[in-house]
Amino acid sequence: MGSEGLLDWLFERQRVGMRPGLARVRALLDHLGNPERSFDAILVAGTNGKGSTAAALASCLTAAGRRTGRFTSPHLERVTERFVVDGEELPFDRLASTLLGLQAEADRLEASFFEITAAVAMKLFADAGVECAVVEVGLGGRLDATNVLDPILSLITEISLDHTRTLGSTVAAIAREKAGILRGGVQAVTSARAEALTTIREVAATLGTPLSDLEGVRSAVRDLGWEGLELELEGWGRQIVVRTPAVGLHQVRNQALAVASAWALDLPDRAIVAGLRLSRWPGRLERFCYRGRQVILDGAHNPAAACTVARVLARLLPSGFTLVLGLTAGKDAGGVIGPLAGAARKVVFTRATSGSRGVEPETLAELWPAAEVVADPVRALAAATELTPSGGSVVVAGSLYLVGALRSVLVPGGALSAG
């Protein structure tokens, strides 16, 4: 099978959907010779901020001289973005070779896209001689495919309502699912607050998990606008000053969690400083120049993220912006549209992705009738550009699938900054 056919097969596995449970991924890993046993693993769960936290911590580990893998999802433009070693995507031929060796077993098990990519990541990391892998949990924690790993450290970012049909309808219920990555006797660190933190503390106490949180960490922040943040952090007998290209005050706790986790791993401060300075996480308040306008990409796709990004944009774009928004099925459309569209001067709804996963833009327009509807994302971006004066701003948000589709259009123009 050629590479195109192999990718078609892999993406066809998305039709399986989300099926919580560990049996299938365990069988896939057994078939591959249990590669996950050859390196240390760090699990990163939470609602928002998982990717940026994972990227920052992985960068710190690499700066400390440890050969480091990073598995994240979803990807923006290329599936190989999910499989990174020391900051570099692994080549597609390695992915293809591993997929070919797993295809028949995956078909037999009726494994999902995420189960396959998670198992493949473990094999790729083992083959690459990775010493430590930072692994982003896909959905929830307790029954997520990544929870087959035995972590040396568990991270839980901030928690809010998302995937409520699967994880539960309250923050406490969702926090309990996320806390499924905790292990007795294994250090954990969290940036969760309020009810979520209370629940995670309860689970940790029951399991005998040593848990640290950010409540006792003192922070001083200098907001550098589009250049990122400067943080002074003090806690647990350590103090550090770091700079990060991550944009927006909502990133403070993500970056602080990465620092706290690096401290838990006893990484030297010089590696933490270098790691945060060099970390990148595309598609999150990332700026491009396009047709005489600046275009900002952000994958805000749930109400909490939408509210946060809207607040940041109000400060960074005081002259206003035109919004291009698309959503995938199952999201709280009203909760996402309200904050972002309410902050925009003009709105264009589009389709985030093809097929049944993308919400029709006409459906979104029922919630915000003043918006224009342009189904094709590239044409929607062009329409938004025409609605925006020269030198003005366009914001693309609502789905990482939409961000990925348009990022490939914007890259030739050149990025202005990346968080």
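When reading the values below, keep in mind they use all heavy atoms of this one structure, side chains included, and skip hydrogens, waters and symmetry mates.
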Report the C-alpha separation of Glu77 and Ser408 in whole Å, then their side-chain angles, then the decisive distance to 0.1 Å, and conclude whether the side chain to side chain donor-acceptor pair (under 3.5 Å) test is met.
CA-CA 7 Å; Glu77 299 172 77; Ser408 59; 4.5 Å; no
Would Leu6 and Asp8 count as a side chain to side chain contact (heavy atoms under 4.5 Å, CB included) if you check the C-alpha gap in whole Å, the side-chain angles of each, and the deciding distance to 0.1 Å?
CA-CA 5 Å; Leu6 194 60; Asp8 288 343; over 6 Å; no
Mind running side chain to side chain donor-acceptor pair (under 3.5 Å) on Thr328 and Ser399 for me, showing each step along the way?
CA-CA 7 Å; Thr328 53; Ser399 167; 4.9 Å; no
For a side chain to side chain contact (heavy atoms under 4.5 Å, CB included) check, start with the C-alpha distance between Leu10 and Thr117, then their side-chain angles and the critical distance, and finish with the verdict.
CA-CA 9 Å; Leu10 177 61; Thr117 54; 4.3 Å; yes
Stepwise, does the side chain to side chain contact (heavy atoms under 4.5 Å, CB included) test hold for Val137 with Val44?
CA-CA 6 Å; Val137 174; Val44 185; 5.8 Å; no
Which is it for Arg218 and Glu232 under the salt bridge (Lys or Arg N to Asp or Glu O under 4.0 Å) test, yes or no, and what are the steps along the way?
CA-CA 8 Å; Arg218 185 187 66 81; Glu232 180 180 352; 3.6 Å; yes
Checking side chain to side chain contact (heavy atoms under 4.5 Å, CB included) for the pair Arg284/Ser52: CA distance, chi angles, key distance, verdict?
CA-CA 9 Å; Arg284 283 74 176 179; Ser52 56; 6.0 Å; no
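No hydrogens or angles considered: a donor-acceptor pair under 3.5 Å links the side chains of Ser212 and Gln187. Between Asp332 and Asn302, the side chains place no donor N or O within less than 3.5 Å of an acceptor N or O (distance only, hydrogens not considered). A donor-acceptor contact under 3.5 angstrom links the side chains of Ser112 and Glu115, judged on distance only. Donor-acceptor pairing under 3.5 Å is recorded for the side chains of Asn147 and Arg183. A donor and an acceptor atom, one from each side chain of Ser191 and Thr157, are nowhere located under 3.5 Å apart.
Other residues, nucleotides and ligands contribute more than 12 heavy atoms inside 6.0 Å of the CZ atom of Arg78. Summarising the local packing, CD of Glu110 is surrounded by 12 or fewer heavy atoms from other residues, nucleotides or ligands at distances under 6.0 Å.
The backbone N or O of Gly248 lies less than 3.5 Å from no partner atom in the side chain of Arg315, so there is not a single donor-acceptor pair. Remark: side-chain polar atoms of Ser97 are not paired, donor with acceptor, to backbone N or O of Asp93 under 3.5 angstrom. Between the side chain of Thr199 and the main chain of Arg176, no donor-acceptor pair closer than 3.5 Å is present. Counting only distance, with no hydrogens or angles, the side chain of Thr53 and the backbone of Gly49 share a donor-acceptor pair below 3.5 Å. In this structure, Glu230 contributes its side chain and Val241 its backbone to no donor-acceptor pair below 3.5 Å. The backbone N or O of Val374 sits less than 3.5 Å from a side-chain atom of Thr350, completing a donor-acceptor pair. Listed for the Arg293 side chain is a donor-acceptor partner under 3.5 Å among the backbone atoms of Thr388. Side-chain atoms of Thr190 come within 3.5 Å of backbone N or O of Ile156 as a donor-acceptor pair. The main-chain N or O of Gly275 is found under 3.5 Å from a side-chain atom of Ser59 such that the two form a donor-acceptor pair. Asp86 contributes no side-chain N or O that, together with a main-chain N or O of Thr62, makes up a donor-acceptor pair within less than 3.5 Å.
Two residues are said to be in side-chain contact when any heavy atoms from C-beta on lie closer than 4.5 Å; Thr363 and Glu360 meet this criterion. Leu43 places a side-chain heavy atom less than 4.5 Å from the side chain of Leu149. When side chains are defined from C-beta on, Leu323 does not count as touching Phe349, because their heavy atoms never get closer than 4.5 Å. Put simply, the side chain of Val84 does not reach to within 4.5 Å of the side chain of Phe71, judged on heavy atoms. Contact annotation: the side chain of Phe114 approaches that of Ser73 to within less than 4.5 Å [non-hydrogen atoms, C-beta and beyond]. Using a 4.5 Å heavy-atom cutoff, the side chains of Leu313 and Leu285 are in contact. Within the 4.5 Å cutoff, the side chain of Val186 has no heavy atoms near those of the Leu153 side chain. Side-chain contact between Leu257 and Leu57 is absent, with no heavy atoms from C-beta onward closer than 4.5 Å.
Nearest heavy atom pair, residue Val373 against residue Ala365, reads CG2-CB, 3.8 Å. Shortest non-hydrogen contact noted between Trp9 and Asp107 is NE1-OD1, 2.9 Å. Scanning both residues, Lys178 and Ala45, for their nearest heavy atoms gives O-CB, 4.2 Å. Residues Arg94 and Leu124 come closest through the heavy atom pair O-CD2, 3.6 Å. Residue Thr244 comes nearest to Ser279 through the heavy atom pair OG1-OG, 4.3 Å, listed as atom of the first residue, atom of the second, then distance. What you find for Glu136 and Gly51 is that their closest heavy atoms are OE1-CA, 3.9 Å.
With values rounded to the nearest 0.5 angstrom, Arg345 atom CZ is found 9.0 Å from Thr322 atom OG1. Taking CG from Asp144 and CG from Leu22, the interatomic distance works out to 8.0 Å, rounded to the nearest 0.5 Å. Rounded to the nearest 0.5 angstrom, Glu362 CD and Leu364 CG are separated by 8.5 Å. Atom CG of residue Asn254 and atom CG of residue Asn48 lie 8.5 Å apart, to the nearest 0.5 angstrom. To the nearest 0.5 Å, atoms CG (Leu61) and CD1 (Ile42) are separated by 5.0 Å.
The aromatic rings of Phe113 and His75 sit tilted, their planes meeting at an angle between 30° and 60°.
Lys123 and Glu36 are not joined by a salt bridge, as no carboxylate oxygen comes within less than 4.0 angstrom of a charged side-chain nitrogen. Between Arg67 and Glu131 there is no salt bridge, since no side-chain nitrogen of the basic residue lies less than 4.0 Å from a carboxylate oxygen of the acidic one. Note on Glu215 versus Arg253: salt bridge recorded, some NZ/NE/NH1/NH2 to OD/OE distance being below 4.0 Å.
Of the listed residues (Leu402, Leu325, Val348, Asp298), just one forms a side chain to side chain contact (heavy atoms under 4.5 Å, CB included) with Val396, and that residue is Leu402.
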